[in-house]
Number of protein chains: 2
Amino acid sequence: MATKKKTERVTIRTVAEDAGVSVAAVSKVLRSAYGVSDALRAKVQASMAKLGYRPLAAARGMRGQTYTLGVLLSDISNPFFSDIMAGINAALERTEYQPLIGVSQSASSIELELIDAMQDRQMDGLILVAPRMKAADLDTVATRIPSVLIGHHLPGATLFDTVNDNDVLGANLVVKHLAGVGHRNIVFLSLQMPALDDVLITTQREIGYTTAMAECGLARYTQIVRADQTAREARTLARHLLQSRQRPEAIFCWTDFIALEVLSVATELGLSVPGDVAIVGYDNTRYCDMAQNSLTSVDQSGQLLGLQAARLLIERIKGREKAEHLVLTPRLVARSSSLKVATSVPGPAAA
Amino acid sequence: MATKKKTERVTIRTVAEDAGVSVAAVSKVLRSAYGVSDALRAKVQASMAKLGYRPLAAARGMRGQTYTLGVLLSDISNPFFSDIMAGINAALERTEYQPLIGVSQSASSIELELIDAMQDRQMDGLILVAPRMKAADLDTVATRIPSVLIGHHLPGATLFDTVNDNDVLGANLVVKHLAGVGHRNIVFLSLQMPALDDVLITTQREIGYTTAMAECGLARYTQIVRADQTAREARTLARHLLQSRQRPEAIFCWTDFIALEVLSVATELGLSVPGDVAIVGYDNTRYCDMAQNSLTSVDQSGQLLGLQAARLLIERIKGREKAEHLVLTPRLVARSSSLKVATSVPGPAAA
DNA sequence: CGTTCAACGTATACCGTTCTACATTATCGA
DNA sequence: TCGATAATGTAGAACGGTATACGTTGAACG
């Protein structure tokens, strides 16, 4: 009982001593490595349980793995990301891996710092959600740490895996739906980007929008406007659009949060939705289904995206070299914000 | 140039060699420890910059600090938490500390696992946001790792600091406001808890509600109903309340998200808000200000809470022993969801 | 009955820091 | 000029794991 020092930490050595085996044997059990008899394993596990031993991640990190995965989110306030996290957590539930989140606040400089920080902390793998950093930086990162990207279209990438929803199709569905209920002057409210880049989901959605408009014979109505992430700028832009002489018949927003702001501005201006203007969002977050919003949106199961990303990452950590690129299929959820007139047939309410 | 091994990692030794000093000297510079001349510091820093040296957290963790702080969130989908994170990030901006988030999904078992995981990873400090774990477990954690709790009322705690908003006052403001515009039958929609415990913010709000009702002479109208975190249960309960014979004149919800669900149900039932029923939320998240919601709420500056918590944590890591307990003051933001009749004077819209 | 070889264990170098204990100079007052 | 003291720098032992390189068995085989 009375050991010399007080509050002695339980290390692999303590366990070895208690079980009457070597340190290496304990380590083998821990890593479920080759060359351990059932008897020995049992003995060691008994000792570990008895002593309440927990391996120290820092020490493991010095030579092997840390069993920690880094998740890079640009902004936790977007409820879509919480779906992704739920999927990641579900996938890692029964594994030894622990996901830890870093928030980049949508700034590419912070993004890089954060990734460096994760690298310094010897993370075994990275899940990057809609990163904004340069392609070259991304490659650098991916060569050092197994990485999976969500919301980054680069099917030719060899250094990392990607998991995406088909954003071109998603935007396509929206335009077809709006055109189907008779709208022609459909504006796409997109995200302000430093440069148009095919890897970005917003660019993909712009492509889907433009293509679909052409396919519907509405090419001459094609109009893309862009605002940054802030509610403020989206509102200014929305106000401008809604008060202009030829007010759009429908505004399709790149993400739900922006659509909700547009809905707010329309309401303030005394416009009826969808009577005066139809509004559509993207991501089908929980707010869409609330009756005061009843926002048509595109469902892209964030949960599934997260789950698959985590699965791919584990595979990659375990040694897979060949890149995989998953593309899931979106689904339109029509609600009353986009139906033509008072023929409004709202989708079934939740609960 | 051509060293033996390829892609040699830049360690403290590489730097020492390059600068022509000892390893210990470099370490001293890193830690800005005592006994370094300006000349030496300059030399070392030049080498570090030249070689792009970054200290390995795992190695530091073996001996000293990891410069990593753990943030425990129950659920990232609540936008209030993103405000808290923004505050934490702001406070740590210019420091060496890196915050990493773990999500417990509101389950106290996961909560404990997560804290163990953070402990295994040698986090220097913990910020726990509205934890659900038992007091004893909390004490155990706090004795091992410097901890600050947000949204946990325990002004007598000696092992950790707390940062809170005055929830009793917040609920008080709401009741006074509602009573002021003539409501009497005010129901409080609270959170289902395993047991009533004064440390919980919801209990505090219940107390504030009950007290204020009594103070307003409305004791006989006092009614508290409780639902769990899910939208489903909140909706069921809301439907029940709104369809009952004596429908409440006002429903005060413990958090915005629930209030928005209640608003949704009310809208579905064809009730006018605030004409038929007033609705009030808590946290003043971004959704409150949207015109379709225009939800009266209590602002408790999550940003400030996060900022203060991070500040206190750093102090504690640096050695402060005496516990500090901050209580901030909430502010009511009245919007049209709670005004008596068509005299509705909506608050100024954003932007 | 020797040889081979898989199965099981062990000893120990090593990972990249921190930090104590100590060595070597300057600085300076008497 | 001589300690005494402060200032600066170094050597090297930890920290707690991992994983390589071996040593020892015992069973199977020819």
Side-chain angles (χ1 to χ4, degrees), chain A residues 4-5 7-45 47-48 51-68 96 119-124 317 319, chain B residues 4-5 7-45 47-48 51-68 96 117 119-124 317:
Chain A
K4 298 163 210 170
K5 295 165 215 163
T7 330
E8 197 78 67
R9 170 175 258 285
V10 177
T11 78
I12 201 175
R13 254 163 272 269
T14 325
V15 175
E17 205 171 318
D18 182 89
V21 298
S22 74
V23 168
V26 179
S27 176
K28 276 191 181 181
V29 171
L30 266 159
R31 294 172 288 134
S32 38
Y34 174 83
V36 199
S37 65
D38 289 348
L40 187 139
R41 191 195 331 282
K43 243 192 326 187
V44 170
Q45 278 170 342
S47 289
M48 294 201 302
L51 301 171
Y53 168 75
R54 297 193 58 101
L56 190 71
R60 307 183 95 171
M62 299 282 309
R63 306 271 319 164
Q65 310 186 52
T66 55
Y67 299 95
T68 309
E96 283 201 277
Q119 203 163 284
D120 297 342
R121 284 159 184 79
Q122 304 274 94
M123 303 249 173
D124 292 341
I317 289 171
Chain B
K4 298 163 209 172
K5 296 164 216 164
T7 331
E8 197 78 68
R9 169 174 258 286
V10 177
T11 77
I12 202 174
R13 243 166 283 271
T14 325
V15 174
E17 207 171 316
D18 182 271
V21 298
S22 75
V23 168
V26 179
S27 176
K28 275 191 181 181
V29 171
L30 267 160
R31 295 172 288 131
S32 39
Y34 173 84
V36 199
S37 65
D38 289 349
L40 187 138
R41 192 194 331 282
K43 244 193 323 188
V44 170
Q45 279 170 341
S47 289
M48 293 201 301
L51 302 170
Y53 166 76
R54 296 192 58 102
L56 191 70
R60 307 184 96 170
M62 297 281 309
R63 303 281 316 171
Q65 311 186 51
T66 56
Y67 298 96
T68 309
E96 283 201 278
Q119 202 163 284
D120 297 343
R121 284 160 184 77
Q122 305 272 96
M123 303 247 173
D124 292 342
I317 290 171

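Residue numbers begin at 1 in each chain, while the letters A, B, ... track the order of the sequences. Please read all numbers here as calculations on a predicted model, not as lab measurements.
- Nearest to the side-chain atoms of A/Ala59 among the listed nucleotides C/dA6, D/dG16, C/dT17 stands D/dG16.
- Residue B/Ser27 is in base contact, counting any heavy-atom pair closer than 4.0 Å across all strands shown.
- Sequence order on DNA chain D of the closest nucleotides to B/Val21 and B/Met62 puts B/Val21 first from the 5' end.
- With a 4.5 Å cut-off on side-chain heavy atoms, B/Leu30 and B/Arg60 count as touching.
- Atom CD of A/Gln65 is separated from atom CD of A/Glu96 by 8.5 Å, given to the nearest 0.5 angstrom.
- At a threshold of 4.0 angstrom between heavy atoms, the contacts of A/Arg54 are confined to the sugar-phosphate backbone, with no base atom among them.
- Evaluation of atom-type donor-acceptor distances gives a pair under 3.5 Å for the side chain of B/Arg63 against the base of D/dA14.
- Each of B/Val21, B/Val15, B/Val10 was compared with B/Ser47 under the side-chain contact (heavy atoms from CB on, under 4.5 Å) criterion, and only B/Val15 meets it.
- In this structure, A/Val36 reaches the sugar-phosphate backbone alone: every heavy-atom distance under 4.0 Å involves primed, P, OP1 or OP2 atoms, never a base.
- Contact of the A/Gln45 side chain with the A/Val29 side chain is registered, since non-hydrogen atoms from C-beta on lie closer than 4.5 Å.
- Out of D/dT10, D/dT18, C/dG16, the shortest distance to the side chain of B/Ala24 is found at D/dT10.
- The 5' end of DNA chain D is approached more closely, in terms of each residue's nearest nucleotide, by B/Arg13 than by the other of A/Lys28 and B/Arg13.
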